[in-house]
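Heads up, the thing below is written out as structure tokens.
Computed over heavy atoms, backbone and side chain alike; hydrogens, waters and symmetry mates excluded.
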Amino acid sequence: MKQEKQSLKVYYSIGEVADMFHVNTSLIRFWEKEFDIIKPHKNKKGNRQFTKADIDNFHLIFHLVKEKGMTLKGAQQKLCEEKSETEANFEIVKRLQHVREELLQIKAELDYPE
């Protein structure tokens, strides 16, 4: 139920985005400066408000830098030159991870029948 409410949100705070990725808010601010594809709105107080598109872009950056071990420069270049290919590959990886989780769950159920 909580996920349904989150998916209806238009804007996410920097703290919420940091929690999603289990990183500090300083890394979110740093990546915002380093990557042109992240463009949060700012409210009257100057607080960053991230959209679903920003979060999707953070997923791509996180995947390239933290999971694949690319440098920031390499990730910037990859997103600049091959963004659509990178997005497609990332979606495939996400789907495969989901399938793997489901298979492990099925295996656990078969190993330990109730």
Side-chain angles (χ1 to χ4, degrees):
M1 183 88 126
K2 187 177 179 183
Q3 283 183 330
E4 288 177 26
K5 287 183 179 180
Q6 279 188 339
S7 64
L8 297 175
K9 286 182 80 166
V10 176
Y11 294 111
Y12 298 84
S13 71
I14 192 168
E16 290 173 314
V17 176
D19 288 344
M20 287 178 200
F21 295 95
H22 307 290
V23 298
N24 294 327
T25 56
S26 59
L27 182 64
I28 302 298
R29 285 190 293 273
F30 178 70
W31 282 356
E32 174 193 341
K33 291 176 188 170
E34 294 294 316
F35 292 91
D36 294 340
I37 61 174
I38 308 238
K39 296 178 177 72
H41 299 281
K42 292 191 180 177
N43 64 14
K44 291 178 183 178
K45 292 181 180 179
N47 296 333
R48 290 165 177 83
Q49 296 178 313
F50 295 92
T51 63
K52 178 74 173 111
D54 291 323
I55 292 169
D56 290 343
N57 287 329
F58 271 119
H59 269 116
L60 281 174
I61 295 166
F62 187 87
H63 174 69
L64 293 173
V65 175
K66 297 289 187 179
E67 296 174 349
K68 291 189 77 173
M70 293 182 82
T71 63
L72 290 181
K73 198 77 161 165
Q76 289 166 342
Q77 187 174 0
K78 183 104 171 142
L79 290 172
C80 183
E81 294 173 0
E82 306 168 2
K83 185 171 187 251
S84 60
E85 181 182 326
T86 302
E87 287 173 328
N89 289 341
F90 178 64
E91 286 301 316
I92 291 168
V93 168
K94 278 192 343 188
R95 279 191 230 130
L96 288 173
Q97 287 172 341
H98 181 69
V99 168
R100 181 179 188 271
E101 289 170 14
E102 287 180 359
L103 289 172
L104 288 173
Q105 187 176 12
I106 291 169
K107 181 183 183 288
E109 290 173 7
L110 290 174
D111 288 344
Y112 300 103
E114 292 182 23

**side-chain contact (heavy atoms from CB on, under 4.5 Å) involving Q77 - partner list, sequence neighbours excluded** = E81
**Item:** Over all atoms of both residues, closest heavy-atom pair of W31 and F62
**Value:** CH2-CA, 3.8 Å
**Prompt:** Listed by chain and number, what are the side chain to side chain donor-acceptor pair (under 3.5 Å) partners of H98, not counting sequence neighbours?
**Reply:** E102
**Fill in**
Apart from V99 itself, members of its ILVMFWY cluster (side-chain separation under 4.5 Å) are L103
**Prompt:** Do F50 and F58 have their ring centres less than 6.0 Å from each other?
**Reply:** yes
**Item:** Partner set under side-chain contact (heavy atoms from CB on, under 4.5 Å) for T71, not counting sequence neighbours
**Value:** K73
**Asked** Is the shortest heavy-atom distance from the side chain of T25 to the side chain of V17 under 4.5 Å?
**Response** no
**Fill in**
Quick note, salt bridge (charged side-chain N to carboxylate O under 4.0 Å, His left out) partners involving residues 58-71, not counting sequence neighbours, are none
**Request:** Determine the minimum heavy-atom distance between A75 and V65, stating which atoms define it.
**Result:** CB-CG2, 3.8 Å
**Prompt:** Who pairs with Y11 by ring-ring contact (aromatic ring centres under 6.0 Å, His included), at least two apart in sequence or on another chain?
**Reply:** H41
**Request:** Could you list the residues that satisfy side-chain contact (heavy atoms from CB on, under 4.5 Å) with K45, not counting sequence neighbours?
**Result:** N43, N47
**Request:** Could I get the full list of side chain to side chain donor-acceptor pair (under 3.5 Å) partners for E34, not counting sequence neighbours?
**Result:** Q76
**Message:** Donor-acceptor pair, distance only, cut-off 3.5 Å: does the side chain of N57 make one with the backbone of I37?
**Reply:** yes
**Prompt:** What residue pairs, at least two apart or across chains, pass salt bridge (charged side-chain N to carboxylate O under 4.0 Å, His left out) with a residue in residues 46-61?
**Reply:** E32-R48, K52-D56
**Request:** May I have the step-by-step check of side-chain contact (heavy atoms from CB on, under 4.5 Å) for L64 and L79, ending in yes or no?
**Result:** CA-CA 9 Å; L64 293 173; L79 290 172; 3.9 Å; yes
**Straight-line distance of T51 OG1 to K9 NZ, nearest 0.5 Å** = 12.5 Å
**Message:** Do Q105 and E109 make a side-chain contact, defined as non-hydrogen atoms from C-beta onward lying under 4.5 Å apart?
**Reply:** yes
**Request:** Identify the heavy atoms of I55 and F21 that sit nearest to each other, and give their distance.
**Result:** O-CZ, 3.9 Å
**Message:** For the CG atom on D19, are there more than 12 heavy atoms of other groups (residues, nucleotides or ligands in this structure) within a distance under 6.0 Å?
**Reply:** yes
**Asked** Rounded to the nearest 0.5 Å, what separation is found between the CG atom of L72 and the CD1 atom of I61?
**Response** 9.0 Å
